[in-house]
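Counting starts at 1 for both ligands and their atoms, in listed order.
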Amino acid sequence: MRNRRDFLKLSLLGSALTSCFTSRTVLAAGQPKSQRPIVVSTWEHGMPANLAAWKVLTENGKSIDAVEAGVRVPEADPDVRTVGIGGYPDRDGNVTLDACIMDSNMNCGSVAYLQNIKHPISVARKVMDETPHVMLVGKGAQEFALQKGYQTENLLTEKSRLEWQEWLKNGQARQQINIENHDTIGMLALDTFGNLSGACTTSGAAYKLPGRVGDSPIIGAGLYVDNEIGAATATGMGELMMKTVGCHLVVELMRQGASPQQACEQAVQRIARKLDGYADYQVGFLALNKQGDYGAYCIQPGFNYAVKSVQTERLINSDNLMETLR
Ligand code: GLY
């Protein structure tokens with residue numbers, strides 16, 4: 001819970017950053033300016049995902065194709081427990097997937113509560129490219145995927161099934177922050193043509209209530225792209241991003257002059273100021289602007305993000321609010 005001391009600190013932090021917006025642009029440490037192409041993504045599983053995206057980008061491919069190819073890597077990896085096959089199930093043992101994708105022309109597609117289809121991001125892409133709609137959910141989304149040639153398969157691996165049964169026995173123990181329960185992959189790319197796109201895909205909160213949908217398929221909450229300005233994606237407890245339309249907020253802060261780093265910090269501070277109980281959860285924002293500058297910020301220690309450009313290929317630990325408040 002917030003206390004008065006935290007509230008005062010947050011107010012001071014907020015005004016310090018606001019005054020920075022008009023006077024300077026702060027880059028992430030050691031980051032060269034104006035890099036393109038570049039791809040950034042959340043968490044360690046972003047490293048191999050970035051390589052798949054990088055292949056598309058360096059063959060003069062479009063950012064939209066890069067982000068789709070990139071996030072398909074963790075979707076297909078049963079050892080990534082928070083995305084695609086092998087993802088943690090809901091309370092009843094069903095793996096339900098959420099994903100969205102957005103391009104440089106404000107086109108977007110999304111699926112939510114999709115079951116038994118390994119690559120929700122590609123179904124979201126088909127919604128974007130081949131329907132007049134933005135979002136399909138549940139049975140309708142699955143039927144659409146089948147019409148487009150996708151096959152159903154069991155996404156609940158033996159490992160996930162055994163862990164879920166153990167969790168049932170333990171009386172639904174409280175989830176732990178950063179313990180592999182919200183590690184959505186969000187990916188943002190800027191291609192050689194200077195166009196931005198993003199993708200976001202997840203199995204959502206482990207052992208969630210059946211029917212629960214998080215931020216990841218919600219345009220503006222888990223992902224947002226404005227090709228004039230920049231793009232943002234999020235990971236962590238989706239309800240906090242949904243209440244603040246977090247990724248849209250990050251992009252709008254960049255529009256007002258914030259660097260990607262400043263925008264992510266301001267969005268986390270907004271959550272902390274507005275939402276009681278925020279300190280019990282992890283939220284991480286990652287942003288990339290039109291110049292190829294990037295930044296990230298989160299509530300709790302532990303969030304990291306992967307960056308791939310001509311100059312670099314690395315995993316970076318994000319700064320976090322909790323350490324700032326100490
Ligand atoms: N950020 C993923 C979720 O809350 O479902």
Chemist: Considering only heavy atoms of D215, which atoms of ligand 1 have at least one such atom less than 4.0 Å away?
Modeler: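 Every atom of ligand 1 under 4.0 Å from some heavy atom of D215: 1 (N), 2 (C), 3 (C), 4 (O).
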Chemist: Using distance alone, determine whether T184 and ligand 1 share an N or O pair under 3.5 Å.
Modeler: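 Yes - when backbone and side-chain N and O of T184 are compared with those of ligand 1, one distance drops under 3.5 Å.
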Chemist: Check Q282 against ligand 1 and report side chain, backbone, both or neither, counting heavy atoms closer than 4.0 Å.
Modeler: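 Neither part.
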Chemist: Check each atom of ligand 1 against the heavy atoms of S216 and keep those under 4.0 Å away; list them by number with element.
Modeler: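 Answer for ligand 1: 1 (N), 2 (C).
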Chemist: Find out whether F285 and S318 are in side-chain contact, i.e. whether some heavy atom of one side chain is under 4.5 Å from a heavy atom of the other.
Modeler: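 A side-chain contact is absent here, since even the closest heavy-atom pair is not under 4.5 Å.
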Chemist: Distance alone, cut at 3.5 Å: any donor-acceptor contact between the side chains of K308 and S41?
Modeler: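 There is no such pair between these side chains.
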Chemist: Before signing off on this row, confirm whether R212 and ligand 1 have an N or O atom pair separated by under 3.5 Å.
Modeler: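 Such a contact does occur with ligand 1.
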Chemist: Of I218, V251, L188, which meets side-chain contact (heavy atoms from CB on, under 4.5 Å) against L223?
Modeler: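 The single option meeting the side-chain contact (heavy atoms from CB on, under 4.5 Å) with L223 is L188.
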Chemist: Could you check whether the rings of Y88 and Y207 sit parallel, tilted or perpendicular, using 30° and 60° as the cut-offs?
Modeler: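 Perpendicular, since the angle between the ring planes exceeds 60°.
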Chemist: Taking only non-hydrogen atoms of K208, do any sit less than 4.0 angstrom from ligand 1?
Modeler: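 Heavy atoms of K208 never come under 4.0 Å of ligand 1.
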Chemist: Taking atom CD of E228 as the centre, does the number of heavy atoms from other residues, nucleotides or ligands within less than 6.0 Å exceed 12?
Modeler: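 Counting other residues, nucleotides and ligands, CD of E228 stays at 12 neighbours or fewer.
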Chemist: Say whether G236, considering both its backbone and side-chain N or O atoms, lies within less than 3.5 Å of an N or O atom on ligand 1.
Modeler: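 Between G236 and ligand 1, an N or O pair is found under 3.5 Å apart.
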Chemist: Would you say M322 and T324 make side-chain contact, with heavy atoms under 4.5 Å?
Modeler: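 Result no, sub-4.5 Å side-chain heavy-atom pair not found.
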Chemist: Is any N or O atom of M237, backbone or side chain, closer than 3.5 Å to an N or O atom of ligand 1?
Modeler: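 No, M237 has no N/O under 3.5 Å of an N/O on ligand 1.
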